[in-house]
Amino acid sequence: MSTQIIAECQDCGFQAPYSLLSPVCPNCGSEWREAHYDYAALGQRLPGLLSGRPFNLWRYHELLPIQSPSPEISLGEGGTPLFRATNLGLMLGNSNIYIKDERQGPTHSFKDRQAAVTIAALKEAGVNEMVLASTGNVAIAYSAFAARAGIRLWVFLTSLVPAVKMRETALYGTQVVKVTGSYDQAKQTAALFAKRRGLFLDTGARSIPCIESMKTIAFETSEQLTGMLGAPSQSSALSGPVWQAPDWYIQSISGGMGPLGVLKGYDELMKMGLIDHFPKFGLVQVEGCAPMVHAWKQGKDVAQPVAAPRTLIHTLATGDPGRTYTMLRKKILEKSDGFLEMVSDEEAYRAMHFLAKMEGLSVEPAAAVAFAGVIKMVRAGIIKPNESVVINCTGHTMPVERNILGEGWSKDLTSLGGDEMEESKEEGLLAALSKVGIDRFPRIAIVDDNPQVRQLIRRILQSQGNYTLFEATNGLEAIDLAKKEHPNLIILDLMMPEMDGFAVMDALQADSETADIPIIVVTAKELTPAEKERLRGHIQTLMQKGDFLSDDLLDEVRALLR
Ligand SMILES: *Cc1c(COP(=O)(O)O)cnc(C)c1O
Ligand SMILES: [Zn+2]
């Protein structure tokens, strides 16, 4: 299906076949690796492959790090519209300004791409629990896709993340851990928690699925611009580029993962011979947190971190871009050119009003930052009147009202030390984690031969409670599991091939080690009076599939574990 993907180490150059679950270079241990595909072959085949495919992110799946798209978790990601910013263009004297409207993704930000590809890759690899830190939108996007895929998600957010974004994250059943501290501290805490519990950690710009997902913005806009402007003039049917690249790609940035991925996308289009030039990158930060802009203007290739960001636009408050900036700068200078600019919170709010009134777009402040940057760059003559400009309209916030969620939907981690990385820091974090009780949970075994039912039950339990879950796919496995793991509760299916639920019950009951474990039977079977009699006294609860909602099961589980 997909071609072989090679992961090339950015440090030592070592090449190895790509696999999601081995995220470091086998030669030097570096986490910075880049995916490579067979561009010569794909350049020939891609335009043909695309015709007839729906206009969404998965149309480029040969250039994504998955074996095959998984339609069952899709929410219509990618394929967002591109339209001309007519009024903005008139006012700025440039009729070639286009808006890539990423608000129209399933959770209203361009992070939907990252979430869709990463969750699809995790599902393919059989991973069902993961951890990440976020300034808000990554948390929301991953929450939605994780919910569909039955993946348990732990999200570490700083207490500065707007309450509406936190509530939306919690609404999806994600485990929200609020960290009092900066975003960089939230990232460190998430990493430690993941390491401690052996869970998959989303590493953002160091993660191949994340970077690869962002390429689709470059692919889509190139196709869309071609639809609007026609193919490049020198192209013929037999040779030459077939798609239009803009002169500028503009985005507001925080950690800089978006542009790093989009840049790779254009680079691949060049390698495949599908476009004839590389766009310039115009990247915009907020003044109160602009480490990359400062470094760029000083010609430095390492950004000095901002320890305490001063901005109300928390989505953009990555104080320490680390190596992402260095790589971004190197690639921008290597491939084409670019310009980094900063705007004040106030300029962003003004652009936000302008966009709503003049273009009919209600965006979140972080997205408005890019527009404020374009206004500044056009006025300064950096963007020329005849140049084409694609602005990534990165997102919009969905208002989740306070009264929708009950109490206790987040866990507050407050006992973090100072800003410095001290030696005792790790212990402090661990102490804080155990204080909010996220280091030890009741243990539940789910026994069902149907993977979809196991996923459903897992999702129900994970979305609201804190449980360590085990799964068995048949009766014999269930008995082994019960002996080995001593769960506090077993959720048991009755109809399974070879050894059915009745036989499992009998075996558990006959063994003193497992006889006391409470059992909830969840069954699709219409029980005969004799069967009901057989269950009596052996199980605590009987639930008929199709006859209960998630909360009913949770209530039973909670009652039995009490
Ligand atoms: C994440 C985000 C950004 C910043 O993007 P990076 O590529 O991570 O720097 C900008 N705007 C919105 C709405 C975002 O969610
Ligand atoms: Zn290496």
Side-chain angles (χ1 to χ4, degrees), residues 6-16 22-34 80 100-105 107-115 132-142 157 161-162 165 168-169 183 187 202-207 210-211 213-215 217 249-265 281 283-286 289-293 303 311 313-322 324-325 327-328 340 343 348 351-352 361-373 391-398:
I6 299 296
E8 185 183 273
C9 179
Q10 302 289 92
D11 284 302
C12 74
F14 188 83
Q15 297 192 335
S22 37
V24 301
C25 168
N27 186 46
C28 76
S30 169
E31 287 182 290
W32 293 89
R33 301 191 308 157
E34 201 174 81
T80 56
K100 178 68 170 162
D101 193 5
E102 290 293 293
R103 295 174 318 156
Q104 298 196 41
T107 73
H108 317 123
S109 87
F110 77 112
K111 305 302 196 316
D112 282 320
R113 296 176 188 271
Q114 177 188 348
L132 59 81
S134 164
T135 59
N137 288 340
V138 165
I140 293 168
Y142 277 69
L157 299 169
V161 169
K165 289 196 191 279
E168 189 179 358
T169 306
Y183 174 47
K187 272 201 279 198
D202 190 84
T203 53
R206 285 165 294 163
S207 148
C210 292
I211 290 291
S213 72
M214 293 298 168
K215 301 186 313 193
I217 296 174
Y249 169 78
I250 312 283
Q251 196 201 300
S252 54
I253 54 168
S254 184
M257 184 184 75
L260 202 57
V262 175
L263 221 141
K264 183 165 189 276
F281 273 60
L283 307 177
V284 193
Q285 291 199 289
V286 273
C289 186
M292 298 200 247
V293 179
T311 172
I313 307 177
H314 301 290
T315 302
L316 301 183
T318 302
D320 185 3
T324 306
Y325 166 71
M327 309 219 323
L328 199 50
L340 272 69
V343 300
M352 189 172 155
L361 300 176
S362 164
V363 306
E364 68 170 275
V369 163
F371 291 85
I391 307 173
N392 183 339
C393 182
T394 46
H396 175 67
T397 303
M398 182 184 121

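Indexing begins at 1, ligand by ligand and atom by atom, following the structure's order. Source: prediction; values computed, not measured. All residue numbers in this chain count up from 1 along the given sequence.
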- Task: To the nearest 10 degrees, could you say what angle the Zn ion (ligand 2) makes with SG of Cys28 and SG of Cys12?
- Result: 120°
- Three-point angle Cys25:SG, the Zn ion (ligand 2), Cys9:SG, rounded to the nearest 10°: 110°
- Query: To the nearest 0.5 Å, how far apart are NZ in Lys187 and OG1 in Thr135?
  - Reply: 9.0 Å
- Item | Between CG on residue Asp202 and SG on residue Cys210, distance to nearest 0.5 Å | 4.0 Å
- Query: Side chains of Gln114 and Ser213: is there a donor and an acceptor less than 3.5 Å apart?
  - Reply: no
- For side chain to side chain contact (heavy atoms under 4.5 Å, CB included), just list the numbers for Tyr249 and Ile217, CA-CA rounded to whole Å, side-chain angles, deciding distance to a tenth of an Å, and then say yes or no. CA-CA 10 Å; Tyr249 169 78; Ile217 296 174; 4.1 Å; yes
- Item | Trp32 and its side-chain contact (heavy atoms from CB on, under 4.5 Å) partner, picked from Thr324, Thr203, Val24 | Thr324
- Work out which heavy atom in Gln285 is nearest to a heavy atom in Ser254; give both atom names and the distance. NE2-O, 3.8 Å
- Would you call Arg103-Glu364 a salt bridge at under 4.0 Å N-O? no
- Message: Counting only heavy atoms and a distance below 4.0 Å, can you name the residues contacting ligand 1?
- Response: Phe110, Lys111, Asn137, Gln251, Ser252, Ile253, Ser254, Gly255, Gly256, Met257, Gly258, Pro259, Thr315, Leu316, Glu364, Ala366, Thr394, Gly395
